[in-house]
Amino acid sequence: MMQQKLMKIVATAKIKQACYFCLLAVHSFSMSANAQSVSLPNTFAEKAAAEQDTIKAKLQYQVKFKARADHDFLLTADYRFLPNKASAQHMPGVIVLHDCHSDRTKYKTLSISIAQQGLHTLSLDLRGYGNSVDQGYSHLAVKKNAKDIVSYQTEVAVLMSYWSEDLLAAYNFLRSKVDNSQGISIVANGCAGAYAVALAENVHINSMVLLTPEMSYADKERYKNLVDIPSYFISSAQHAMSYATAQELFTWNGSKDSKQQVYKGDRQNYQIINANKYLVDDIALWLKFTLR
């Protein structure tokens with residue numbers, strides 16, 4: 001009788017132990033599942049961040065290329081593209097030129113916005129500016145060593161005398177990246193507008209954006225001698241000279257796709273871009289439209 005009671009107690013203990021282990025397993029599984037559910041968003045966020053970093057890395061890389069085959073001077077530019085767009089390799093290209101008082105870094109937001117439209121984008125440092133410098137070719141050195149305004153202007157004019165061939169070299173570089181069936185456009189800020197016109201005299205340019213253009217009478221006449229190129233003129237109403245130039249060339253231009261935008265104030269170049277946050281997207285969309 002005592003033996004039967006003892007066996008009964010042991011059996012009950014085993015059942016309780018089994019139940020305890022079952023509860024422990026369920027609890028452990030629940031804790032594991034909860035831990036996974038907590039860590040999943042972090043893992044997803046980390047993957048998304050890593051993916052964005054990869055895209056950004058591929059979106060921009062610095063390039064250097066010779067201004068002339070028979071000279072060692074190297075031009076520096078940021079070449080931007082979006083490899084995650086299926087059509088990117090067959091998309092057109094755009095060259096972005098800074099003004100005479102800055103370098104390509106001031107137009108980074110604009111260049112990225114253009115590249116995000118799937119367009120191959122080359123943001124160039126013209127000779128003597130940014131990273132396109134060397135001994136004898138440096139705007140900063142000229143500014144530092146100039147004894148008076150006349151010598152400064154003379155030395156800067158010498159630097160700028162190379163810009164037409166530098167821009168042609170940039171065009172040829174971008175042309176090597178863009179399919180032959182696709183076109184190339186240009187965005188020129190301030191004084192660079194004259195060099196955009198000079199390039200358009202030598203090669204086919206699909207369209208151009210002239211932001212607060214600074215041009216001489218001769219430069220404006222050269223523009224008028226071109227076949228009507230779709231042009232987007234952007235100016236400030238209170239900056240008399242560039243406003244008058246933009247008005248004159250827009251009135252003369254006969255392309256139905258040409259456009260003019262006038263802002264209040266006297267801001268120039270990248271300042272007008274920084275002051276109007278939707279302008280970069282508008283420029284990018286207009287370029288894509290004219291390059292279709």
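Note that the coordinates shown come from a computational prediction; the quantities given were computed from them, not determined experimentally.
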Spacing of R127 atom CZ and L74 atom CG [to the nearest 0.5 Å]: 10.0 Å
Audit row: Q62, N131, side chain to side chain contact (heavy atoms under 4.5 Å, CB included) steps and yes/no: CA-CA 10 Å; Q62 190 180 102; N131 294 120; 4.0 Å; yes
Gap separating the OG1 atom of T76 from the CG atom of L126, nearest 0.5 angstrom: 11.5 Å
Side-chain donor/acceptor of Q182 to backbone N/O of H90, under 3.5 Å: yes
Residue pair L211 / V187, side-chain heavy-atom distance below 4.5 Å: no
Partners meeting salt bridge (charged side-chain N to carboxylate O under 4.0 Å, His left out) with K259 (sequence neighbours left out): D282
Cluster overlap W163 with V203, hydrophobic side-chain contacts below 4.5 Å: yes
Flag for R267-N274: side-chain donor and acceptor within less than 3.5 Å: no
Donor-acceptor contact below 3.5 Å, side chain T212 vs main chain S242: no
K224, NZ: over 12 other non-hydrogen atoms inside 6.0 angstrom: yes
Any K106 side-chain heavy atom under 4.5 Å of N189 side chain: no
From CA spacing to verdict: side chain to side chain contact (heavy atoms under 4.5 Å, CB included), V158, V142: CA-CA 10 Å; V158 171; V142 168; over 6 Å; no
Check against ring-ring contact (aromatic ring centres under 6.0 Å, His included), Y162 and Y137: CA-CA 10 Å; Y162 294 98; Y137 303 107; 5.5 Å; yes
Mutual orientation of the aromatic rings belonging to H120 and Y79 [parallel < 30°, tilted 30-60°, perpendicular > 60°]: parallel
Geometric class of the H139/Y129 ring pair [parallel <30°, tilted 30-60°, perpendicular >60°]: parallel
N253 side chain to I229 backbone, donor-acceptor under 3.5 Å: yes
Test log, rule side chain to side chain contact (heavy atoms under 4.5 Å, CB included), inputs Q268 and H101: CA-CA 11 Å; Q268 292 178 265; H101 307 288; over 6 Å; no
Expected output: side-chain S138 to main-chain A141 donor-acceptor under 3.5 Å: yes
ILVMFWY cluster, M241 and Y217 together (side-chain gap under 4.5 Å): no
Non-hydrogen side-chain atoms of F289 and S207 separated by less than 4.5 Å: no
Straight-line distance of I283 CD1 to I234 CD1, nearest 0.5 Å: 3.5 Å
Interatomic distance, I114 atom CD1 to I95 atom CD1 [nearest 0.5 angstrom]: 11.0 Å
T290-D257 side chain donor-acceptor pair, cut-off 3.5 Å: no
Side chain S231, main chain S258, donor-acceptor under 3.5 Å: no
Nearest-0.5 Å distance, CG of residue L287 to CG of residue N206: 10.0 Å
Nearest atoms (heavy-atom pairs only) where L210 meets Y223: CD1-CE1, 4.4 Å
Plane angle bin for F81 and Y61 - parallel if under 30°, tilted between 30 and 60°, otherwise perpendicular: perpendicular
Any E155 side-chain heavy atom under 4.5 Å of K143 side chain: no
D179 and S181 side chains, donor-acceptor separation under 3.5 Å: yes
Within-4.5 Å side-chain heavy-atom neighbours: R104 and V96: no
Side-chain (D228) to main-chain (G254) donor-acceptor, under 3.5 angstrom: yes
Co-membership, hydrophobic cluster, residues I186 and V63, 4.5 Å side-chain: yes
Any donor-acceptor N or O pair under 3.5 Å, side chains N269, Y107: no
D125 side chain vs A77 backbone, donor-acceptor pair below 3.5 Å: no
Going by atom type alone, with no hydrogens or angles, which donor-acceptor pairs under 3.5 Å involve a side-chain atom of residues 192-201 and a protein atom two or more places apart or on another chain?
residue : atom : partner : partner atom : Å
Y195    : OH   : M160    : O            : 3.4
E201    : OE1  : R222    : NE           : 3.4
E201    : OE1  : R222    : NH2          : 2.8
E201    : OE2  : R222    : NE           : 3.4

Same cluster (ILVMFWY, side-chain, under 4.5 Å), L285 and M208: no
F73 reachable from V133 in the ILVMFWY side-chain graph, under 4.5 Å edges: no
Within 6.0 angstrom of D72 CG, more than 12 heavy atoms from elsewhere: no
Residue pair L82, M91: steps toward the side chain to side chain contact (heavy atoms under 4.5 Å, CB included) verdict: CA-CA 10 Å; L82 281 172; M91 291 295 280; over 6 Å; no
Min side-chain heavy-atom separation R80-K108 under 4.5 Å: yes
Flag side-chain contact, heavy atom, 4.5 Å: F250 against S235: no
Straight-line distance of R175 CZ to H204 NE2, nearest 0.5 Å: 9.0 Å
Side chain to side chain, Y263 and L279, heavy atoms closer than 4.5 Å: yes
Side chains of S113 and D281, donor plus acceptor under 3.5 Å: yes
